[in-house]
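Just so you know, these numbers come straight off a predicted model, no measurement behind them. Letters go in sequence order (proteins before strands), and every chain restarts at 1.
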Amino acid sequence: MATGTTSSGTTRGKAGGSRRTPTSTGTASGRPTRRLVIVESPTKAKKIAPYLGNDYVVESSVGHIRDLPRGAADVPAKYKGEPWARLGVDVDNQFSPLYIVTPEKKSTVSELREALKSVDELLLATDPDREGEAIAWHLLETLKPKIPVRRMVFHEITESAIRAAAENTRELDQDLVDAQETRRILDRLYGYEVSPVLWKKVMPKLSAGRVQSVATRLIVEREWARIRFTSAEYWDIGAQLDAGAEATPRQFGARLTQIDDDRVATGRDFDSDGKPKAPTGARAQRTDARLGDAGSGLRILAEADARRLAESLQDQAMTVSSVESKPYTRKPYPPFMTSTLQQEAGRKLRFSSERTMRSAQRLYENGHITYMRTDSTTLSDTAIQAARAQARELYGDRYVADSPRQYTRKVKNAQEAHEAIRPAGESFRTPGEIAREVDGDDFRLYELIWQRTIASQMNDARGTTVSVRITGTAGTGEACTFSASGRTITFPGFLKAYVESVEDESPGNQADDAESRLPELTEGQALTAVELDPDGHSTNPPSRFTEPALVKQLEELGIGRPSTYASIIKTILDRGYVWKKGAALVPSWVAFSVVNLLEEHFGQLVDYDFTAGMEDDLDSIASGHDSRVDWLNGFYFGAGKSAESSVAQAGGLKKLVGANLEEIDARTVNSITMFPNDPQYDNVVVRVGRYGPYLERIVDGESQRANLKDDLAPDELTPEIAEQLFSVPQEGRKLGTDPVTGHEIVAKEGRFGPYVTELLPDPEPPADGTTKKKAPAKPKPRTGSLLKTMSLDTITLDDALKLLSLPRVVGTDPDSGDEITAQNGRYGPYLKRGTDSRSLSDEEQLFTVTLEQALEIYKQPKQRGRGAAAQPPLRELGTDPSTGQKMVIKDGRFGPYVTDGESNASLRKGDSVEQLTDERASELLAERRAKAPPKKKAPAKRTAAASKTGTTTSKKAPAKRTTTRKTPAK
DNA sequence: CAGTGAGCGAGCTTCCGCTTGACTT
């Protein structure tokens, strides 16, 4: 399987070409033409096979069958040494991709090959979108059929649609394939070039990508908005009014909205800084024009004002000054697509995106619903008829829309390869009818889909909204206007079947079926105020993203696809960028660092419009107006014909991750200034370090530090909390007092992980008159790292005292007279006798090993390090056919490796010590040699590694890579 | 962020988008 996507030539077809597939003619031998149809989904294959009859064999590819290699292990030997093997794309040679059959798809491919043998024609019936076109092309490239091949497309799975599609095929659209390949390569380059920058500058194993990085950025930006948010306080007056004994309802609530000519401020009148919004010129003008001299000013009520007004309105006459009534109509919502299904299942059933999709998959596979990964709200004609028939049956004629409703909502970048998500079949089964076969999540989700689909073909809801103004004059002379509004629904229409939930219900954000009744009121009518309550309110920060809210936002930006919405969330959770607090997605401090770096140095790549721009460019490739290579040249090298994109303007991705790498200062990136506008706390930074995030500030030239708890959400870190945290670590967690010394024992988190130490009493101040030149050496407190079995939360005083008792004198070596001690160190527990040391296998041995056992251990040769006896090889191999050198497998600190005395190469995933062949060993050694020549005797420069990574971390920064002992938090 | 003794073959991490079982507990 070589490179070169366009070189094969055999498959390049005219875009959009279409002709009738001959169907009636048979083969020369007289039997009818047999055709193999390949679709993507096995369920779909089963479904359409009966529609096509016996002359068709229907199989499925089960999604993509080939892809770029995931990593070095997947690269065929032939390309292993290539400089671009890591990317899987030969960037210097037309961006030729290297495709391999995905390992788990090998069996699928051989099954398809087998099926191909018994047919006369191949119909590639993968989905009618960009990815589907590419899958078709990969099938062609992989199967290399010697029979005629046609492309078959259909958008709905009904017998007529399928039969029509089989009759009306076209050729493969190579331009569309090119667009997909461009997308694939772009994502690979972005992901595999930018992620390593994060490994070097923030933390290993992190990742960046076109989709996940924007998702993370959205969540971090929202958190910043919450952090910066300042709440505003405002007051109004709630009135309970009485319309007299005849009225129903007799009483109703109203709210103070105007004082004289000034409007009373509500939450909407404040910005995120807690300040009143400046009225826009246009609005002020318009208001003036309409209301003449009224309503031009804004009045923010303070508590005292509100109380005073309420007081002076007591017992004053209240009169209805206006009644305005308007018709209320609501149209049904479109049928579900993936994003809206996830949103509603999230709100109504509290399902995560993943749970929704798992359940939907089961419903699909069991034939209860149509395909669940779709960006279309279109219903087939049969589905519309089914929905209408069912609505009629359940609710009667009057509830069904006069004519079929078709929803053509345009989602950004929608590909519309499938129908909307709806109950399957030409007549729908009610939830009650499938209850016996389906339960739990699946039943509830089906019910949701069924209701929504039925409702989409029903009539508008109709009713009336009424706005009433009531005026009274306060004892102090102000004219106070109260407002109330009511909504009555006279004809529920579709609301009878389905009402969409709202994320957070507030006065301005009510469900569509919410009703509030006002009594019949007429202008001039007198009312009595039963209650007048001054009411305090405060504005709220923007709420955090929930899973469905994030999916909605991504969809609006055209980022991600129905098949990936759930996995995007999984990715950012897995990377530790985000954690869940109830339903809310909270960013981690690492996410702040990563977004910091990306915004600062890769701004074009995390721009919210990046994907939208890419989609436009892909469209122009798909339509044949632009070329794949030109576009990628611009993106990667910042050169070529189409170099107008923002990334190209910045010099291209290669430059951004290469030459510009040195400009990225790790210390700056990993420092988050929390309160930049607070003069007292603007020196407080969160630092994201190897050992997890911590707080730091410099006071009088001295650094104060404090650990941050994992469950502290960034917006909860206020100056007060910071101050509190700074005061804690100095003390650590108190465990008690050492009965021997009387010193207090504390457990703390340190540079090398958790440890215990003692608090020494302050040294006595020097006595009067004595002017000692030199203070006595400050005594050092004893310290001890926690054993692996211990944790900071559970360690006891006894444990701590045991640790502080180290090193333990095991005894005296009778031969040398040297003392043998047991202690815990950098590399774990060990014995020490003079300068000679031996590792212990178990931390418990620190306290239990006897002199006898210790002497026995010293009799053994040193296991590791200089002076250690050479280890016998794990296994002897033959000679390397290419060099003639004898090869052996040895065990090393990174696991087993093969060596010929000069080069060493680790065994890879899938290699075993027992089964490694000479050929494989030779191959591994050859690979190693290709990458780097065997090491010379001269030791490498100590700073080489640091300069290679381009790290510009200042010397003051803690050495980040010096310890392997504790893994970073999480 | 505490300070506690050696020295030593790297290799791998990572993207997005299309689809489901095959694995083990």
Side-chain angles (χ1 to χ4, degrees), chain A residues 40-44 60-65 67-68 70-73 86-87 102 104-105 108 126-127 129-132 134-135 180 183-196 198-199 204-213 361 365 373 560-564 567-568 571 575 687 689 691 694 696 703-707 729 748-753 755-757 780-785 806-807 823-828 830-832 835-839 862-868 890 892-895 897-899 902-906 908-909 928 931-932 934-935 958:
Chain A
E40 289 180 39
S41 153
T43 309
K44 199 193 255 187
S60 65
S61 72
V62 201
H64 271 292
I65 54 157
D67 194 11
L68 303 173
R70 221 160 32 79
R86 184 181 68 83
L87 294 171
T102 320
E104 60 267 27
K105 289 296 167 52
T108 308
T126 48
D127 293 350
D129 56 19
R130 201 163 61 208
E131 296 295 327
I135 293 174
Q180 189 277 346
R183 198 277 308 153
R184 180 67 191 92
I185 292 173
L186 158 79
D187 282 330
R188 168 52 64 89
L189 294 175
Y190 186 146
Y192 275 35
E193 291 285 34
V194 181
S195 297
L198 300 181
W199 305 341
K205 299 196 181 180
L206 295 178
S207 62
R210 175 175 56 83
V211 172
Q212 60 167 290
S213 294
Q361 176 89 29
E365 285 173 4
R373 291 185 276 263
R561 304 277 312 132
S563 65
T564 62
S567 60
I568 293 165
T571 299
R575 295 285 166 273
R687 290 203 194 282
Y691 322 103
Y694 62 95
E696 186 178 36
S703 152
Q704 281 183 6
R705 291 177 159 149
N707 273 315
K748 297 162 85 165
E749 189 73 33
R751 197 150 53 96
F752 309 123
Y755 70 105
V756 291
T757 188
K780 279 183 181 169
R782 294 172 296 163
T783 61
S785 280
L806 296 173
Q823 52 202 298
N824 209 2
R826 170 87 175 73
Y827 309 103
Y830 68 104
L831 290 173
K832 187 174 172 177
T835 57
D836 194 10
S837 64
R838 290 288 190 282
S839 285
K862 216 172 163 78
Q863 293 294 307
R864 311 201 62 97
R866 191 159 49 190
K890 288 188 169 183
R893 75 190 149 121
F894 303 124
Y897 65 102
V898 56
T899 177
E902 275 180 44
S903 296
N904 309 301
S906 283
R908 306 289 168 76
K909 271 186 205 159
R928 178 79 195 112
K931 267 196 184 163
K935 250 195 185 161

Expected rows: protein N/O vs nucleotides 22-25 of chain B N/O, under 3.5 Å:
none

For A/T564, is there any backbone N or O sitting under 3.5 Å from a side-chain donor or acceptor partner on A/S567?
yes
By nearest heavy atom, map A/E365 and A/T899 onto DNA chain B; which one lands nearer the 5' end?
A/T899
With stacking defined as ring centroids separated by under 5.5 Å and planes differing by under 30°, is A/Y190 stacked against B/dC15?
no
Taking only Watson-Crick and G-U wobble pairs with both distances under 3.5 Å, what dot-bracket line describes DNA chain B, where [ ] shows pairs that cross earlier ones and | shows pairs with another strand?
.........................
Which part of the nucleic acid does A/P781 contact within heavy-atom distance under 4.0 Å: base, sugar-phosphate only, or nothing?
nothing
Spacing between A/L87 atom CG and B/dC12 atom C1', to the nearest angstrom
15 Å
Which part of the nucleic acid, if any, lies within reach of A/Q361 when heavy atoms closer than 4.0 Å are counted: base, sugar-phosphate only, or nothing?
sugar-phosphate
Indicate the atoms forming the closest heavy-atom contact of A/I135 with A/S61, along with that distance.
CG2-OG, 3.8 Å
The criterion is side chain to side chain contact (heavy atoms under 4.5 Å, CB included); which residues satisfy it with A/S41, sequence neighbours excluded?
A/T43, A/K44, A/Y364
Round to the nearest Å and state the distance from A/Y192 atom OH to B/dC12 atom P.
12 Å
Check whether any side-chain nitrogen or oxygen of A/R86 sits under 4.0 Å from OP1 or OP2 of B/dG11, and answer yes or no.
no
In whole Å, what is the span from the NZ atom of A/K748 to the C1' atom of B/dG3?
13 Å
Are the charged groups of A/R86 and A/E193 less than 4.0 angstrom apart, N to O?
yes
Whole angstroms only, please: what is the CH2-C1' distance between A/W199 and B/dT13?
4 Å
Less than 3.5 Å apart, any donor N or O on the side chain of A/S207 or A/Q212 sitting next to an acceptor on the other?
yes
Taking NZ, NE, NH1 and NH2 as the nitrogens, is one of them in A/K105 or A/D67 under 4.0 Å from a carboxylate oxygen of the other?
no
Close N/O contacts between protein and nucleotides 16-18 of chain B (under 3.5 Å):
{"from": "B/dC16", "atom 1": "OP1", "to": "A/V211", "atom 2": "N", "distance (Å)": "3.0"}
{"from": "B/dC16", "atom 1": "OP1", "to": "A/Q212", "atom 2": "N", "distance (Å)": "2.9"}
{"from": "B/dC16", "atom 1": "OP2", "to": "A/Q212", "atom 2": "NE2", "distance (Å)": "3.3"}
{"from": "B/dC16", "atom 1": "O4'", "to": "A/D187", "atom 2": "OD2", "distance (Å)": "3.3"}
{"from": "B/dC16", "atom 1": "O3'", "to": "A/R210", "atom 2": "NH2", "distance (Å)": "3.1"}
{"from": "B/dC16", "atom 1": "O2", "to": "A/R183", "atom 2": "NH1", "distance (Å)": "2.9"}
{"from": "B/dG17", "atom 1": "OP1", "to": "A/R210", "atom 2": "NH2", "distance (Å)": "3.1"}
{"from": "B/dG17", "atom 1": "OP2", "to": "A/T564", "atom 2": "OG1", "distance (Å)": "3.2"}
{"from": "B/dG17", "atom 1": "O4'", "to": "A/R183", "atom 2": "NH2", "distance (Å)": "3.4"}
{"from": "B/dC18", "atom 1": "OP1", "to": "A/R561", "atom 2": "NE", "distance (Å)": "3.3"}
{"from": "B/dC18", "atom 1": "OP2", "to": "A/S563", "atom 2": "OG", "distance (Å)": "2.6"}
{"from": "B/dC18", "atom 1": "O5'", "to": "A/S563", "atom 2": "OG", "distance (Å)": "3.4"}
{"from": "B/dC18", "atom 1": "O3'", "to": "A/E40", "atom 2": "OE1", "distance (Å)": "3.1"}
{"from": "B/dC18", "atom 1": "O2", "to": "A/H64", "atom 2": "N", "distance (Å)": "2.5"}

Return the set of residues passing side chain to side chain contact (heavy atoms under 4.5 Å, CB included) with A/T783 (not counting sequence neighbours), or none when no residue passes.
A/Y755, A/T757
Reckon A/S207 has a side-chain N or O less than 4.0 Å from the OP1 or OP2 of B/dC15?
yes
Return the value, rounded to whole Å, for the distance between atom CZ of A/R782 and atom C1' of B/dT4.
16 Å
Name all residues meeting the side chain to side chain contact (heavy atoms under 4.5 Å, CB included) criterion together with A/D129; count only those two or more places apart in sequence or in a different chain, and write none if there are none.
A/D127, A/E131, A/Q415, A/A417
